[in-house]
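Have a look at the structure below before the remarks.
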Protein chains: 2
Amino acid sequence: MQKDPLRQFRMRDIAQQAGVSLVTVSRVLNQPEKVARATRERVLKVIHEHDYIPDMLAGSMASRRSFAVGVIVPTITNSLFADTIDGLSSVLEPAGYQLMIGSSRYDPVREGALVRTMLSRRVDALVLTGTTHDPDAHKLLASARLPVFEMWNLTPSPIDTVIGFSNFEAARQMTLWLHGQGYRCIGYLGGLTEKNDRTTDREAGFLAAMDEIGDDAADGRIVRAPFDFPSGGTGIRALKQQCPGIDAAFAASDVLAVGAVLECQRQNWQVPQQLAIAGLDDSIIAAQLTPSLTTVRLPRYEIGRRIGEEFLARVNGRAAGPRQIDLGFEIVPRESA
Amino acid sequence: MQKDPLRQFRMRDIAQQAGVSLVTVSRVLNQPEKVARATRERVLKVIHEHDYIPDMLAGSMASRRSFAVGVIVPTITNSLFADTIDGLSSVLEPAGYQLMIGSSRYDPVREGALVRTMLSRRVDALVLTGTTHDPDAHKLLASARLPVFEMWNLTPSPIDTVIGFSNFEAARQMTLWLHGQGYRCIGYLGGLTEKNDRTTDREAGFLAAMDEIGDDAADGRIVRAPFDFPSGGTGIRALKQQCPGIDAAFAASDVLAVGAVLECQRQNWQVPQQLAIAGLDDSIIAAQLTPSLTTVRLPRYEIGRRIGEEFLARVNGRAAGPRQIDLGFEIVPRESA
DNA sequence: CTACGCGATGAAACCGTTTTCATTCAACAC
DNA sequence: GTGTTGAATGAAAACGGTTTCATCGCGTAG
């Protein structure tokens, strides 16, 4: 009479039924080639008969590998990061890894808490968005001996490896491009900059470009807003009101840019004749809009894929790639500017 | 001389440094009230000094609780499910749970594989999208003794608990509503129906409504497409070509509807004068569009939140709620129809 | 004075795997 | 016939916690 007759099968039970030792069952599962064919088949038969599912917690604990990778993004609601996550899982999943996703809501403290949780769960690697983090978390990561990937930006002083593109350059070059198109009074619709290196760098890139152009009144043509459609609308209105002479607006995110274009439709402002609008992301809807959105294409999916590949390379002992990988970006001229 | 001087601190080490037994450390972490104040503070001091992070794998294994909940959605790229995930984590995260997210890519077999992986990782509960699943997975779940939640639809025969709304009714009622608005030749732009209970039910709802209306040619006004913006465009073109007399199109998803509206803008078809368009989702962009999109508001976030609450109630031993929870939907009339 | 209950603590068993090391046995070389 | 080798297998020791049960004082009721 069992203590708990409904209890799940353990490896021990499978071993017993197959008339082998527990070790052999473990080998059948993890290094089948090391087990004689006959034995292996006998064990597999028992495994299937009982729908045996090994306990990965126990396995991970013993092997000190969890086959889990932690990913912390600001929000999963924005499809930007969802694309990166998709890219990551396209590489890691076939390799047997599972993603553990957390969203920091753009809050470094929450990010730090997530880092702790994930370390506690003994992830095999950690992927963070951006290059500025809570000091405590930073220290923790530096001493934890696991691969850490920062993404979606570049930095001269990465924790471990950075994979992304230069937000500064992306914004700078788009601004210069707009100037090259003949726009002379360019406004900037940016994200909230507190504690967010990507938006900070983009704004800096815009200002740097304006400086090069010789426009020293650019500070007065900056509006900051959270990344959502309605804010794009209110943002563009604010910008237009703030400096009526504006002939182009560069939004540091497609969400804002699309929101702005839609608002222009409502206001009956001709885009780009009266007001040109450019975005940054090349989100899926950018090309569909009328007028279609001029924007900067970012390596959203590629960032994830590349991180996955670098990680696998490291796990397999192949030399780690460079510590900083710049995946670049590309200006996509369309109708809106 | 240690074997590995860089090795992370274990509970044993903390205990030793604090001059207590390992058990006491464990209690300080999990049931602090059971430890004398003085002892507790001494232990906590050591813990903080060394930035000790307990090994949750070991903890989960011993306690037989992982504090992880598995969630399987068709795709995380679509913000629909991202909203649900947000709702879920808004409830579960404060309770100390972590989500383990997997995307099935609308493939039951992949879903089944994910179910196995998650069971293997000993999640405390499992959340699935939809109500039709791979038979093997279904069997596995029925015998696994953990809470299982199906969501985003209803069914008379749930595995465990279903939380969602009636896709059939949502489509049916929107169709009837369109008819009530005076549209007489209504087309349907739906998702691919294979193996997807939500799209299947929506299409059935549309047909049921057309039947009630007395329109028996509706089958000829159905176009199916994957859920993305471009497909909304090609879909509406196909529909218009297939039956030029069409005066309204009901898209079973806002992505398709938005894609359709944008295509109409390009084609210069007046919406809703020449062609009315209605969607289903109330996605964030629906209200921003010009014309704004008439659609069906779904309890996206609420589904997640409610599942979280039901799960916690069960964990805390409170009686489980009803096995089927209908969160309803709401028709949102706007400008496009 | 003794028995009892209770708060605080610890020893030992256990959770279900992987890893390391040893053993067995058959094939093969000399 | 005797080592030598290598494939196949298993015993035992981790892995780092939690749970159960026992013990130790100490205040208090009888």
Side-chain angles (χ1 to χ4, degrees), chain A residues 2-4 7-44 46-47 50 52-68 96 117 119-124 144, chain B residues 2-4 7-44 46-47 50 52-68 96 117 119-124 144:
Chain A
Q2 298 276 340
K3 226 167 69 183
D4 180 356
R7 197 228 292 270
Q8 299 195 28
F9 260 63
R10 294 156 306 175
M11 208 172 250
R12 200 199 306 287
D13 305 315
I14 299 294
Q16 199 173 336
Q17 287 225 7
V20 296
S21 84
L22 176 157
V23 191
T24 300
V25 178
S26 173
R27 271 195 279 255
V28 166
L29 259 19
N30 302 314
Q31 332 174 35
E33 73 286 357
K34 292 208 166 185
V35 178
R37 177 192 221 87
T39 316
R40 193 194 318 152
E41 287 174 351
R42 186 152 35 97
V43 172
L44 282 175
V46 179
I47 288 180
H50 295 280
Y52 166 66
I53 299 184
D55 186 326
M56 221 169 159
L57 292 179
S60 298
M61 174 176 168
S63 66
R64 311 180 119 304
R65 295 185 62 182
S66 63
F67 281 95
T117 308
L119 288 179
S120 175
R121 291 192 188 267
R122 299 299 186 253
V123 292
D124 292 339
Chain B
Q2 296 279 340
K3 225 168 71 182
D4 180 357
R7 198 228 293 267
Q8 301 196 24
F9 260 62
R10 294 157 304 173
M11 207 172 253
R12 202 199 307 284
D13 305 315
I14 299 293
Q16 199 172 337
Q17 289 224 8
V20 295
S21 84
L22 175 154
V23 191
T24 300
V25 178
S26 173
R27 270 195 279 256
V28 166
L29 259 20
N30 301 316
Q31 333 175 34
E33 72 286 357
K34 292 209 167 187
V35 178
R37 180 192 218 87
T39 317
R40 194 197 316 156
E41 286 172 352
R42 186 154 34 97
V43 172
L44 282 176
V46 179
I47 287 180
H50 295 280
Y52 166 66
I53 298 184
D55 187 325
M56 218 168 161
L57 292 179
S60 298
M61 177 179 165
S63 67
R64 312 181 119 302
R65 296 185 60 182
S66 63
F67 281 94
T117 308
L119 288 179
S120 174
R121 292 193 187 266
R122 299 300 186 251
V123 291
D124 291 339

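This structure is a prediction, so every number in the text was calculated from the model and none was measured. Residue numbers start from 1 in every chain, and the chains themselves are labelled A, B, ... in the order their sequence lines are given, proteins ahead of strands.
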For this session: Tell me which nucleotide among dA12(D), dT18(C), dT9(D) gets nearest to the side chain of Val23(A).
Result: dA12(D)

Seminar exercise, completed: Considering only heavy side-chain atoms of Met11(B), the closest of dT18(C), dT18(D), dT9(D) is dT18(D)

Exercise. At under 4.0 Å between heavy atoms, what does Leu22(A) touch on the DNA or RNA strands: base, sugar-phosphate, or nothing?
Worked result: base

Exercise. What's the closest nucleotide to the Ala36(A) side chain, out of dT19(C), dC15(C), dT9(D)?
Worked result: dT9(D)

For this session: Report, as yes or no, whether the 6.0 Å neighbourhood of atom CD on Gln17(A) holds more than 12 heavy atoms from other residues, nucleotides or ligands.
Result: yes

Seminar exercise, completed: Atom CZ of Arg12(B) and atom C1' of dA14(D) are separated, to the nearest Å, by 10 Å

Exercise. Side chains of Arg10(A) and Val25(A): does their closest heavy-atom pair fall under 4.5 Å?
Worked result: no

Problem set entry | OP1 or OP2 of dG17(D) under 4.0 Å from side-chain N/O of Tyr52(B) | yes

Exercise. dA14(D) C1' sits how many Å from Arg10(B) CZ, rounded?
Worked result: 11 Å

For this session: Determine: side-chain N/O of Ser21(B) to OP1/OP2 of dG10(C), distance under 4.0 Å, yes or no.
Result: yes

For this session: Describe the nucleic acid contact of Thr39(A) in one word from base, sugar-phosphate, nothing, applying a heavy-atom distance below 4.0 Å.
Result: sugar-phosphate

Exercise. Does Arg122(A) make a side-chain donor-acceptor contact with the base of dG16(D), cut-off 3.5 Å?
Worked result: no

Problem set entry | Shortest side-chain distance from Asp55(A), nucleotide among dG10(D), dG16(C), dG17(D) | dG16(C)

For this session: Verify, without hydrogens or angle tests, whether Arg122(B) (side chain) and Leu119(B) (backbone) share a donor-acceptor contact under 3.5 angstrom.
Result: yes

Seminar exercise, completed: From CD1 of Ile14(A) across to P of dT18(C) the rounded distance in Å is 13 Å

For this session: Measure distances between side-chain N and O atoms of Arg64(B) and base N and O atoms of dG16(C), and say whether any donor-acceptor pair falls under 3.5 Å.
Result: no

Problem set entry | Whole angstrom value for the distance that separates C1' of dG16(D) from CZ of Arg121(A) | 16 Å

For this session: Using only side-chain N and O atoms of Ser26(A), determine if any of them is under 4.0 Å from OP1 or OP2 of dT18(C).
Result: yes

Exercise. Which of the following nucleotides, dT19(C), dG16(C), dG10(C), is nearest to the side chain of Ala58(A)?
Worked result: dG16(C)

